[in-house]
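Being a predicted model, the structure only gives us computed values, none of them experimental. Just follow the structure's listing: the first ligand is 1, and inside any ligand the first atom is 1.
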Amino acid sequence: MQEREPAGERTFRGIALAGGVAHARVLRISQGAPEIPQHTLDESQTEAELERFQAALVATRHQIQEVQRRVTAAMGAQEAGIFEAHLLVLEDVALLSQVKALIRDQHRNAEFAFHQVVNRYASALDAAEDEYLRERAADLRDVSSRVLNQLLGLSSESELSRLREPVVVVAHDITPSMTAMIDRTKVLGFATDVGGKTSHTAIMARKLRIPAVAGLGDASRRVQTGDYALVDGHGGVLVVHPTDATLFQYGQIRERHAALEQRLADLRDQAAVTLDGTRLILASNIEEPADVAAVRASGSEGVGLFRTEFLWLNHAEAPDEEQQYQAYRTVVTACAPAPVVIRTLDLGGDKAFPGLPVDANPFLGWRAIRISLSRPDLFRTQLRAILRASAHGCAKLMYPMISSVEELLAANRLLESCRNELRAEGIAFDPTMEVGAMIEIPSAALIAGALAPHVQFFSLGTNDLTQYTLAVDRMNERVAHLHAPTHPAVLRLIQMTVAAARERGAWVGVCGEMAGDPAALPLLVGLGVDELSATPAVIPAAKFLLRRMRTSEARELAERALKMASADEIQKLSQEFARSIAPELFDAAS
Ligand code: PEP
Ligand code: MG
């Protein structure tokens, strides 16, 4: 049973993911293990209960078949094979007849009967010697939670796309694919029990300008659908049933932000140049063609990171070559003559695609370039689409998660063979299109000198570079305070990358969240990067700061930072530097 919460204002403190303040009724999305009701039926109710159970099985079958269809289209029939096992569970005569017997003979409700039988089966399979049988326990649990959701009528993630009223979504977790479903006009804010600042959900929230907080402990169990709540995405706070005084206080923060945004908007057409004349490229990170309008409005110069995997996450079916080509071409044409850096598929990690094997350590597993190189059919389709789009403006191609020279060479070989294919077919592309590698794994930074001859640019993915250097899961709120891109080890890897690139004539960008964080940005300028790419929402503030900065001072700052040992001290040093030249950026939120 859920405990009754006291009436009146309640505050949950967590991690600020995306700035802004939102106030609306709560929609609580149910996830994880639901509470299973248990009751005894009247004799007269058992037939109807059996029918209800049967209807839940049919609805679950349709749901699984739909997922299976999506995965087959995206990854091929082999990857979708797992769902055959799931469908078989729904036909297991022995299991189903035991459930039905409990309903018919012992007058149990369907949820309780099903849950009890499934648990018995799953425990027996868990204990089996045979690995194949143990894996069937996972299948069984997966299907069982779908059936239980049907029976319990729990609101599921799919509700996010058909909301009628504005809401603040409260959930245990929100995945990037759920974020992709969100109707921005209805979801005013969101709050989760778990999650970190550089998770892809947080990144999406910043892009969508949805105030968001994470790391709220058990908030999702202590808040009810229909409660009023306020999300403070600056301070990382969820306030349930806020008082008038609290609403007034946050109203003032909102006004200060609106005034600052107005002021920053005036910089839209100004160059990203420091006071002592260093011209930087300030570009946008995007996830789909619809984001292009925001790129223009933000005053950024093209796209420094197009996360193409969202074309997979956002749509029912994986895009084929033509659909990908259209998507890439739209962005490249709209941004021309400014460049568009198109990153090849980075599925895996927290961007799970239904049907992709879920590794025990997804961030260390089958992700990004590793998937592309082991599935050349998928990879070639994407490479051809990007090459074709390059004929329409200034496209650049970038590989994610490069960890070795071999991977880079293998990717480049496939790219070259796609170029040859297109030439033979008489299809236009830009033969001079630049190719780059993301530097987001420490090994890549350490061998940047060996990678540089095979690319024209590097882009530092500081979200992953920090995660992998410090062994800190970027998704985990319990270690979020340790995910510090200002750690001297991360700064040294950035310094090494820039030095190796300079020596070999390659340019260097940064497309991790650090690039759009005013408190950390001066360090990147001081370390000598050429380009900063961030979500369009933060570009105006970054430009404001850059235009008040001296590169010579930023360089001194970076030199001092590299002599320090503590991430916190470096963060403080950089933030004080930024605050001293642009206090407005820091004062509006307090
Ligand atoms: C990064 O890791 O910093 C990056 C930009 O890539 P992503 O956030 O998509 O993993
Ligand atoms: Mg990354």
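- Leu408 has its side chain within reach of Asn412: a pair of non-hydrogen atoms, C-beta onward, lies under 4.5 Å apart.
- Near ligand 1, residues His200, Ile203, Leu305, Arg307, Arg343, Asp346, Lys351, Arg367, Met438, Glu440, Gly461, Thr462, Asn463, Asp464, Arg474, Cys511, Gly512 each place a heavy atom inside the 4.0 Å sphere around the ligand atoms.
- Side chain of Thr469 to main chain of Thr466: no donor-acceptor pair is present (N/O by atom type, distance under 3.5 Å, no hydrogens or angles).
- By the 30° and 60° cut-offs, the orientation of the rings of His257 relative to His234 is parallel.
- In this structure, Leu446 and Leu493 have side chains that are in contact, with non-hydrogen atoms separated by less than 4.5 Å.
- Residues Ile281 and Asp530 are not in side-chain contact: their nearest non-hydrogen atoms beyond the backbone lie 4.5 Å or more apart.
- You'll find the side chain of Asn476 stays beyond 4.5 Å of the side chain of Val194, heavy atoms only.
- Annotation: side chain of Arg380 is in contact with side chain of Ser417 (closest heavy-atom distance under 4.5 Å).
- Around the Mg ion (ligand 2), protein N, O or S atoms at a distance under 2.8 Å total 2; waters are neither shown nor counted.
- Applying the side chain to side chain donor-acceptor pair (under 3.5 Å) criterion to Asp346, with sequence neighbours excluded, gives Arg343, Lys351, Arg367.
- Taking the side chain to side chain contact (heavy atoms under 4.5 Å, CB included) definition, one finds that Ala202 meets it with Leu17, Ser199, Arg206, sequence neighbours left out.
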